[in-house]
Amino acid sequence: MLTILYFASVKEKAGCGEETVRLPAAVTDVMGLVAWLRQRGGGPAAALTDLAAVRVAVNQEYARLDHPLTGDEEVAFFPPVTGGAP
Amino acid sequence: MLTILYFASVKEKAGCGEETVRLPAAVTDVMGLVAWLRQRGGGPAAALTDLAAVRVAVNQEYARLDHPLTGDEEVAFFPPVTGGAP
Amino acid sequence: MIRVQRETFDVGAEIASLCAGDTAAGGVCVFLGRVREFAHGAALQAMTLEHYPGMTERQLEALDAEAQRRWLLEKTLIIHRYGRLLPGEAIVLVVTAAAHREAAFDACRFLIDCLKTTAPFWKAEETAAGSRWVDARAADDAAALSWQDGAAAGGS
Amino acid sequence: MIRVQRETFDVGAEIASLCAGDTAAGGVCVFLGRVREFAHGAALQAMTLEHYPGMTERQLEALDAEAQRRWLLEKTLIIHRYGRLLPGEAIVLVVTAAAHREAAFDACRFLIDCLKTTAPFWKAEETAAGSRWVDARAADDAAALSWQDGAAAGGS
């Protein structure tokens with residue numbers, strides 16, 4: 001099973017912070033997952049409309065859209081980070 | 001009266017930390033004072049042999065050798081400073 | 001050493017404990033980030049920091065390791081808070097201790113610059129107008145980028 | 001604010017007191033200089049700092065004013081000790097607080113770099129071989145020079 005996490009403004013748009021899905025066999029990378037979530041509709045589809053404002057991590061490491069997925073990863077979508085101090 | 005201060009290694013060579021002198025009329029700047037102290041001999045003369053390793057302050061501000069003196073200043077001679085931290 | 005925590009920290013105690021018994025670190029550089037009251041024009045009532053538990057620790061550990069690889073450091077410490085914070089409260093602490101001050105300064109600035117663009121924290125600011133997520137600063141990206149080629153000093 | 005004193009200082013208390021009630025300073029940069037045990041090969045037993053009372057305060061005040069002129073700073077603090085210090089003891093503390101971290105870092109580094117080449121302090125190191133005056137470091141002159149043309153960042 002694949003765990004999907006959403007954080008901050010992406011979480012607000014997605015309407016949930018975490019979901020677990022069985023990855024369709026046709027989905028083999030992050031871009032495929034995004035396409036599938038967009039097609040599925042709802043909050044997550046809206047949250048992933050503008051990918052320019054979304055960062056991706058796979059298993060808690062930053063990842064690109066062509067990062068391969070086997071179906072048992074932890075994938076996180078979130079906006080550019082704003083921690084630290086002024 | 002002119003107050004002359006010596007610090008750190010310059011003080012050790014001079015053999016004293018402070019002296020008060022009446023400036024000869026012919027002495028009109030720091031270089032003249034140095035020349036007069038060298039001619040006078042003793043510890044201060046030895047301390048001022050190598051001016052490359054000596055810094056000068058007049059009335060507690062860094063000064064050059066051509067800084068004018070009227071005879072009632074505080075003149076300090078000391079090595080390059082080494083405060084602060086590593 | 002890194003820590004991610006909700007509670008505040010005692011800056012003096014952290015520095016003292018890091019340096020206790022150390023006689024090799026001649027230079028200690030500290031950066032303390034605090035919540036400002038007037039962040040973007042409006043008076044801030046509070047700030048809430050959300051983070052990604054697990055990934056945050058990994059990213060901070062990786063930055064810490066990278067700093068130790070780049071500079072000869074005696075000690076390092078990164079503490080980052082999350083949760084709801086009030087104006088004047090501490091957000092983040094970075095301490096680097098090295099034989100000489102140059103390494104301490106460079107490593108401290110590297111850590112805070114890169115932390116800001118890689119550690120998964122997000123700020124929401126509460127003002128009279130409500131709560132809104134803070135956008136990432138382009139200047140922060142530039143500061144972090146300036147370290148990419150092994151640059152010795154951070155962005156201007 | 002500047003202080004020249006024989007007694008030690010409490011780093012945490014100084015930072016806390018400087019920042020107390022301040023909600024404008026988002027970034028606080030601190031540099032703490034300490035006595036190292038192995039300074040030039042031999043084990044150091046103690047270090048004695050001589051200074052030029054009066055001129056020291058003037059030089060530190062001038063540096064402080066110059067930093068305030070160059071950067072928008074909320075608070076500044078320079079404390080420098082003199083007298084006999086043991087390995088691990090604090091020598092100097094520089095604290096700069098600004099709205100953003102860039103100004104805090106730059107001003108802090110400017111102050112310690114320039115302090116090292118202009119404030120009239122001289123170190124004598126005591127080892128088993130006796131006491132000797134420390135020579136000025138060429139690297140310190142270079143670091144201070146790097147600030148002369150209004151450069152934004154210190155030497156490497």
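All chains are named by letter (A, B, ...) in the order of the sequence lines, taking the proteins before the strands, and each is independently numbered beginning at 1. Note that the structure is predicted; figures quoted are calculated from it, not measured. FYI, side chains are in, hydrogens and waters are out, and symmetry mates aren't considered; it's all heavy atoms of this structure.
- Listed by sequence position, Ile91(C), Val92(C) are the residues of residues 87-94 of chain C in contact with chain A, using a 4.5 angstrom heavy-atom cutoff.
- Annotation for Arg40(A): atom CZ counts as buried by contact number, over 12 foreign heavy atoms lying within 6.0 Å.
- When heavy atoms are compared at a cutoff of 4.5 Å, Asp135(C) approaches chain A solely by way of its backbone atoms N, CA, C and O.
- Identified by a heavy-atom distance below 4.5 Å to chain C, the contributing residues of residues 6-20 of chain A are Phe7(A), Ala8(A), Ser9(A), Lys11(A), Glu12(A), in residue-number order.
- Nearest heavy-atom pair, Pro120(C) versus Val81(A), reported as atom, atom and distance to 0.1 Å: CA-CG1, 3.6 Å.
- Residue-level contacts of residues 3-34 of chain C with chain A, in order of numbering, are Phe31(C), Gly33(C), Arg34(C); threshold 4.5 Å between heavy atoms.
- With a threshold of 4.5 angstrom between heavy atoms, Glu57(C) does not approach chain A through any atom at all.
- Residues Ala57(A) and Met55(C) approach most closely at CB-SD, 3.5 Å, considering heavy atoms.
- At a heavy-atom separation below 4.5 angstrom, chain C is approached by Asn59(A), Gln60(A), Glu61(A), Tyr62(A), Glu74(A), Ala76(A), Phe78(A), Pro79(A), Pro80(A) within residues 59-80 of chain A.
- Contacts with chain A were tallied for Leu49(C), Leu115(C), Thr118(C), Ile112(C); Thr118(C) has the most, counting heavy-atom pairs under 4.5 Å.
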